[in-house]
Amino acid sequence: MIYVQPDKWIPAGGMELEAAADYVIKSNKNCIVIAGPGAGKTELLAQKACYLLQTNICLSPYKILSISFKTDSADNLAKRVEKRCGKELSRRFVSKTYDSFAKGIIEHFRMAIPEEYRPPIGYNIATQDDIKYLLSQYKIPQDLENTYGIHEISDREFTKDYLVKYKLPISNNGSNIYEWLIKRVWHSLLNGELRLQPALTFPMISRIAEYMFRTNPYILMALRMTYKYIFLDEFQDTTGVQYDLIKTAFLGSDCTLTAVGDDKQRIMAWAGALNNIFNIFENDFDAEEKELVMNHRSAPRLVEVQRFLSKAINGSETKIETSKNWKPKDGVCENWIFEDEIQEAEIVCEYIKTWIEEEKIEPNDICIIAKQNIDIYSKYIVEKLDEYNIKARNEGNYQDILSEEITLTVLNIIVLADTKGSPFEWTQAMDFFTLLKGYNNGLRDDKPETLVFEFNSLLVDLKSELDNITSAAMLKNFVLKIVNYFNVNALKAVFPQYKNKKFFKKLIDDLVKYLWEGYEKSNNWVDAVADVKGVDSIPIMTIHKSKGLEYDTVVFIGLEDGAFWSFRNQSQEDMCAFFVALSRAKRRAVFTFSNLRHDKYGHQRLQERDEIKTFYDILQESQVVEEITFAQPKTK
DNA sequence: CCCTTTAAGCTTTTT
DNA sequence: GCTTAAAGGG
């Protein structure tokens with residue numbers, strides 16, 4: 001292998017890096033990179049990986065470990081690194097989620113876990129129902145009830161606030177009134193009880209991994225000898241449980257940590273993200289803080305609005321620079337005020353139609369966002385768009401079927417059975433087929449030709465059946481036939497998530513439902529698959545789901561007190577949510593307000609904007625946002 | 001049994 | 001903030 005001299009190294013892909021990014025890439029110290037939307041945080045990690053590998057500063061065979069929150073972010077980063085520095089070097093770049101890292105560790109080093117907390121082989125992932133079931137089995141001991149006046153606790157509260165509150169082992173000193181319950185639930189989950197198989201939640205798995213590293217210096221050493229560089233993505237979302245694991249694993253080692261995140265996009269506090277994580281990390285790991293100032297994504301006028309909002313969130317001026325690809329006057333941010341949702345739908349849809357037809361914006365480059373309850377907020381718009389033959393859909397409903405192997409394979413197989421010769425689908429489906437067949441046949445050494453022959457005959461067989469499908473029920477049988485062909489037990493063994501019956505059933509039912517909807521529209525299976533994939537649909541999603549994504553145009557529905565009911569309690573977090581929504585837009589952001597809006601119970605209520613007045617003030621202050629009040633609703 | 005009070009959900013990912 | 005469902009009291 002020929003390595004590059006560090007001073008000769010240049011960023012892959014002709015990328016221009018700002019000074020701070022260049023510094024962090026080449027720094028050998030622990031760093032925390034704070035950077036706003038569109039600054040290229042993930043790209044920085046990808047480039048740093050290339051630098052370390054291509055110069056061999058990350059000395060072969062030492063590896064880089066990158067930890068993300070979501071599988072697709074982890075995969076995305078791995079792909080970028082592979083693309084930039086090739087297959088061979090990128091083999092030493094390991095990109096995982098927190099959960100897969102912890103789960104992999106406890107399974108690989110199972111025997112190193114203290115016996116009391118050692119999970120049995122083949123444990124399941126615990127569901128909320130499992131915990132609910134356990135709690136329903138237990139009665140509060142009378143003496144504890146009398147001494148402390150402990151009340152019954154809901155399963156959700158228990159899982160959220162108690163189950164993984166402390167590091168293992170669970171203490172015996174009575175410091176927590178629910179100690180006995182925590183101990184009992186842990187014991188039952190680890191060992192199984194009555195009709196419950198052994199099952200652990202992901203935070204429990206992290207706790208076990210942390211305990212193992214803390215009590216077993218050899219395993220800890222092995223970890224630290226494998227990975228010399230650690231990347232932490234979306235660091236602002238780190239929970240206490242995750243941070244404890246990172247700290248035990250790497251604090252005091254000679255590993256170099258690089259964390260990237262944005263405190264202005266901290267919208268997961270309610271789910272356990274730590275409050276002051278950047279400072280905590282800086283202190284613990286003696287990390288150097290660097291800020292990226294570029295926003296490569298948004299047009300200048302949108303960045304101007306972001307600037308004012310940043311200031312409101314941080315309390316201080318934030319430096320943001322825009323990309324030279326934009327002209328200074330580029331970017332549109334508007335505030336649309338309506339009488340009611342009917343008028344809102346009519347105007348919004350007219351504009352969307354114009355954007356698609358005249359500005360030639362792709363539907364999937366327009367995003368409709370709401371704070372929550374997106375089906376309620378987008379109902380009338382979806383109906384109206386349908387009249388214009390523009391597809392729009394709740395992206396959340398499709399996210400599982402478009403990321404799970406089994407459903408993707410069914411979609412691939414349908415395309416292959418219907419039309420021969422789609423190389424992309426063929427390769428993917430064949431990989432899956434080989435994996436599962438190999439599993440079914442144990443160690444049988446199948447020749448590739450045999451498998452190809454088998455697969456082709458399956459396709460021929462399915463083709464004739466596909467042609468005869470005339471109902472959703474028949475489609476379901478067809479899908480189940482494919483699933484059963486692969487052997488359900490083999491599927492569960494290779495993809496343990498399918499052991500969760502509820503999840504698996506919903507996956508198949510949803511696939512059938514959406515596929516059938518698509519087929520009824522087009523009478524063509526290839527189009528039905530494209531429809532499920534959402535090739536030309538406008539995505540609709542919550543702010544939380546939109547984080548990390550970008551669109552030419554963003555339409556935010558309902559900048560109203562009603563949508564920001566939590567503002568009084570968590571104005572900081574809601575401002576961040578507003579910031580995330582705004583900063584998804586590359587060129588145009590539109591916020592709507594409707595005087596009248598139906599809630600999820602079907603009641604039409606008057607909307608106000610007193611509570612979130614500060615949002616409107618910020619928009620006005622920026623002097624680039626126009627507020628447009630539309631006329632009375634039109635009569636048909 | 002009826003009326004009043006209280007609690008919980010809104011926003012989510014992970015094999 | 002606003003709803004519904006569950007729990008509690010008379």
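In this structure, dT13(B) makes no Watson-Crick or G-U wobble pair, since no nucleotide meets both defining distances under 3.5 angstrom. Across the strands present, dT3(C) finds its partner in dA8(B); the criterion is a Watson-Crick or G-U wobble pair with both atom distances under 3.5 angstrom.
At the heavy-atom level, E608(A) lies nowhere under 4.0 Å from the strands shown. At a threshold of 4.0 angstrom between heavy atoms, the contacts of F69(A) are confined to the sugar-phosphate backbone, with no base atom among them. Heavy atoms of Q497(A) sit under 4.0 angstrom from at least one base atom. Here N373(A) lies in heavy-atom contact (under 4.0 Å) with sugar-phosphate atoms only. K545(A) comes within 4.0 angstrom of the backbone, heavy atoms only, and of no base. Note on T71(A): only backbone sugar-phosphate atoms sit closer than 4.0 angstrom, heavy atoms only; bases stay farther off.
For the pair K371(A) and Y377(A), the cation-pi criterion (under 6.0 Å, within 45° of the ring axis) is not fulfilled.
Put simply, the residue from W336(A), Y616(A), F338(A), F578(A) that forms a ring-ring contact (aromatic ring centres under 6.0 Å, His included) with F591(A) is F578(A). Checked options F281(A), F231(A), F235(A), Y229(A); the residue passing with L257(A) is F281(A) (criterion: side chain to side chain contact (heavy atoms under 4.5 Å, CB included)).
The nearest heavy atom of DNA chain B to P496(A) and to I374(A) marks one nucleotide each, and the one closer to the 5' end goes with I374(A). For the pair H603(A) and E611(A), nearest-nucleotide mapping onto DNA chain C gives the more 5' position to E611(A). Toward the 5′ end of DNA chain B lies the nearest nucleotide of W270(A), the other residue of the pair D99(A) and W270(A) mapping further downstream.
Without hydrogens or angle criteria, D263(A) side chain to Q236(A) main chain gives no donor-acceptor distance under 3.5 Å.
Atom NZ of K167(A) is surrounded by more than 12 heavy atoms from other residues, nucleotides or ligands within 6.0 Å. Other residues, nucleotides and ligands contribute over 12 non-hydrogen atoms within 6.0 Å of the NE2 atom of H598(A).
Contacts between chain A and DNA chain C, taken as any atom within less than 4.0 angstrom of a protein heavy atom, begin and end at dG1(C) to dT4(C). Between chain A and DNA chain B, the heavy-atom contact criterion of under 4.0 Å yields a 5' to 3' nucleotide range of dA8(B) to dT15(B).
Here the two rings, on F615(A) and F567(A), have centers that are under 6.0 Å apart.
In summary, the side chains of S188(A) and E193(A) do present a donor paired with an acceptor at a separation below 3.5 Å, with no hydrogens or angles considered.
Under the 4.5 Å side-chain criterion, counting only non-hydrogen atoms from C-beta, I208(A) is in contact with L168(A).
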